[in-house]
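Right, one structure below, let's go through it.
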Amino acid sequence: MNNLNIIEKINELRKKRNAVILAHNYQLPEVQDIADFVGDSLELAQQAALREAEVIVLCGVRFMAETAAITNPEKIILIPDMTAGCPMAEMIDGKKVRELKKKYPEAAVVCYVNSTVEVKAESHICCTSSNAQKVVESLKDYKQIIFVPDKYLGHFLSLSSDKEFILTNGYCPTHCKISPRLIDELKEKNINAEVLVHGECTPAVKEKADKILSTGKMCSYVKNSSKKDFIIGTEREILHRIRRESPEKNFIQASPLAVCPNMKKNNLEKILSVLENMENRIVVNQTIGDKARKCIERMLEIK
Ligand code: 13P
Ligand code: SF4
């Protein structure tokens, strides 16, 4: 079947099943193009709640689909590829968080949304790269923050906070492939370019940046900026959306190596297959899901 036939079938089933397709900014171009909405982690969580659909096909990695399933137990959340995980989310487990809570009983546990359900269930509040600063600011009664799993986002947050941050050794293998040296070289060749990098980049890369943004905020920033040239320090596929929305501007990828293999696992064939067979439903254990829901809802309440 060619792509046009697949898209036609997806559209038929999308109607029949009362389904919406939500896609992360790192999804393959053909997936972004057929999605009802393309956005960052926070926007996907918000959209999953807002949409009146019975079925949500979440084209992203597993923690994104789990977040939608936890906060929308009445909806059917399907993921095109069940093996699309985020390696950073696996870099800490519930046991380690429990140990840290014992060691720092006065601390609030903030978990990055790139985490397992078990870790969310052990945490006070969740955050994404888009709202992390606001989440930390909301914790007025706490002097210590246990921030898991992303040590680089945690380090960045600690720089603008008077709280003590306790970090663990989590990181994004894709964003770690962006090097400060390469950014320097690109800046030399593109002297007017503004450097935008994601919060998951290393501190050495962030030092070279003009702005540190979530994927969603990166898209809106370039659209509204009067500047013309940008060096983009995040995963490759965001350039598809950015170029589509701002065709008159120039975008340079900070590293050709910044490709997340898990984000590429979802494709049109798999979207069609899950809609046809209603398979790959994300089901979260209720007891642990109830605990994790509190952590996510606290975040969603922050405006
Ligand atoms: P955003 O929330 O900024 O889209 O980031 C998600 C992610 O996994 C980045 O690697
Ligand atoms: Fe996880 Fe990094 Fe891929 Fe984002 S880009 S899903 S943090 S591995």
Side-chain angles (χ1 to χ4, degrees), residues 24-29 32 40-41 60-61 63-64 84-92 112-115 127-130 132-133 147-161 165 167-222 225 227-243 246 249-265:
H24 187 262
N25 290 318
Y26 298 162
Q27 289 292 289
L28 289 169
Q32 293 189 32
D40 67 17
S41 308
V61 287
F63 76 80
M64 295 173 180
C86 167
M88 188 207 294
E90 304 301 328
M91 289 179 186
I92 188 160
Y112 190 31
V113 70
N114 301 40
S115 53
C127 75
T128 76
S129 57
S130 170
Q133 234 142 356
F147 188 90
V148 294
D150 189 350
K151 62 179 173 185
Y152 295 136
L153 181 62
H155 169 261
F156 173 63
L157 294 169
S158 73
L159 299 177
S160 58
S161 170
F165 273 65
L167 305 174
T168 58
N169 193 26
Y171 59 90
C172 164
T174 298
H175 283 86
C176 283
K177 292 195 174 122
I178 301 172
S179 86
R181 189 185 47 77
L182 216 60
I183 295 200
D184 277 340
E185 284 172 22
L186 291 171
K187 276 169 93 167
E188 264 173 45
K189 283 189 215 141
N190 304 275
I191 47 166
N192 293 320
E194 221 177 338
V195 181
L196 313 182
V197 309
H198 194 271
E200 289 170 13
C201 290
T202 63
V205 167
K206 288 197 190 95
E207 272 175 31
K208 311 278 176 195
D210 296 300
K211 292 267 180 282
I212 295 153
L213 300 164
S214 76
T215 63
K217 287 189 172 159
M218 238 181 240
C219 293
S220 49
Y221 183 83
V222 297
S225 168
K227 294 253 165 112
K228 221 176 158 292
D229 305 306
F230 301 89
I231 295 167
I232 302 291
T234 190
E235 209 268 349
R236 177 186 72 192
E237 240 67 71
I238 197 172
L239 290 163
H240 176 69
R241 175 173 168 197
I242 285 185
R243 287 191 174 122
S246 306
K249 299 183 181 174
N250 303 320
F251 302 101
I252 304 132
Q253 197 192 356
S255 167
L257 302 174
V259 180
C260 174
N262 283 286
M263 284 283 184
K264 309 303 163 223
K265 288 183 175 173

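Numbers here are sequence positions counted from 1.
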Just checking, any donor-acceptor pair under 3.5 angstrom between side chains of Y26 and T234? yes

Steps toward side chain to side chain contact (heavy atoms under 4.5 Å, CB included) verdict (M218, V222): CA-CA 6 Å; M218 238 181 240; V222 297; 5.8 Å; no

Would you find a donor on one side and an acceptor on the other, under 3.5 Å apart, between the side chain of [X] and the backbone of [Y]?
{"X": "D210", "Y": "V195", "result": "yes"}
{"X": "K264", "Y": "L28", "result": "no"}
{"X": "N25", "Y": "I238", "result": "no"}

Could you report the tightest heavy-atom contact between [X] and [Y], atom names first, then the distance?
{"X": "V197", "Y": "C201", "result": "CB-SG, 4.0 Å"}
{"X": "F251", "Y": "S246", "result": "CE1-O, 3.5 Å"}
{"X": "I242", "Y": "C219", "result": "CG1-SG, 4.0 Å"}
{"X": "T174", "Y": "E235", "result": "CG2-CG, 4.0 Å"}
{"X": "P149", "Y": "M88", "result": "CG-O, 3.7 Å"}
{"X": "F165", "Y": "G154", "result": "CD2-O, 3.6 Å"}

Are more than 12 heavy atoms from other residues, nucleotides or ligands located less than 6.0 Å from atom CG of L159?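 Correct, the count exceeds 12.
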
Member of Q32, M263, H24 meeting the side-chain contact (heavy atoms from CB on, under 4.5 Å) criterion with E237: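 Only one of Q32, M263, H24 forms a side-chain contact (heavy atoms from CB on, under 4.5 Å) with E237, namely Q32.
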
Given M64 and V61, is the side chain to side chain contact (heavy atoms under 4.5 Å, CB included) satisfied, shown in steps? CA-CA 6 Å; M64 295 173 180; V61 287; 4.1 Å; yes

Intermediate values then yes/no, salt bridge (charged side-chain N to carboxylate O under 4.0 Å, His left out), E194 and K249: CA-CA 12 Å; E194 221 177 338; K249 299 183 181 174; over 6 Å; no

Say you draw a straight line from [atom1] of [X] to [atom2] of [Y]; how long is it, rounded to the nearest 0.5 Å?
{"X": "K151", "Y": "S158", "atom1": "NZ", "atom2": "OG", "answer": "13.5 Å"}
{"X": "L257", "Y": "R236", "atom1": "CG", "atom2": "CZ", "answer": "11.0 Å"}
{"X": "H198", "Y": "L153", "atom1": "NE2", "atom2": "CG", "answer": "8.0 Å"}
{"X": "C176", "Y": "Y152", "atom1": "SG", "atom2": "OH", "answer": "4.5 Å"}
{"X": "I231", "Y": "S255", "atom1": "CD1", "atom2": "OG", "answer": "12.5 Å"}
{"X": "D40", "Y": "S129", "atom1": "CG", "atom2": "OG", "answer": "6.0 Å"}

Determine whether E185 and K189 satisfy the following criterion, salt bridge (charged side-chain N to carboxylate O under 4.0 Å, His left out), listing intermediate values before the conclusion. CA-CA 6 Å; E185 284 172 22; K189 283 189 215 141; 5.1 Å; no

T168 vs I92, test: side chain to side chain contact (heavy atoms under 4.5 Å, CB included). Steps then yes/no. CA-CA 8 Å; T168 58; I92 188 160; 3.8 Å; yes

Worked check of side chain to side chain contact (heavy atoms under 4.5 Å, CB included) between K228 and N192: CA-CA 8 Å; K228 221 176 158 292; N192 293 320; over 6 Å; no

Indicate the ring-plane relationship of F230 and Y221, choosing parallel, tilted or perpendicular according to the 30° and 60° boundaries. perpendicular

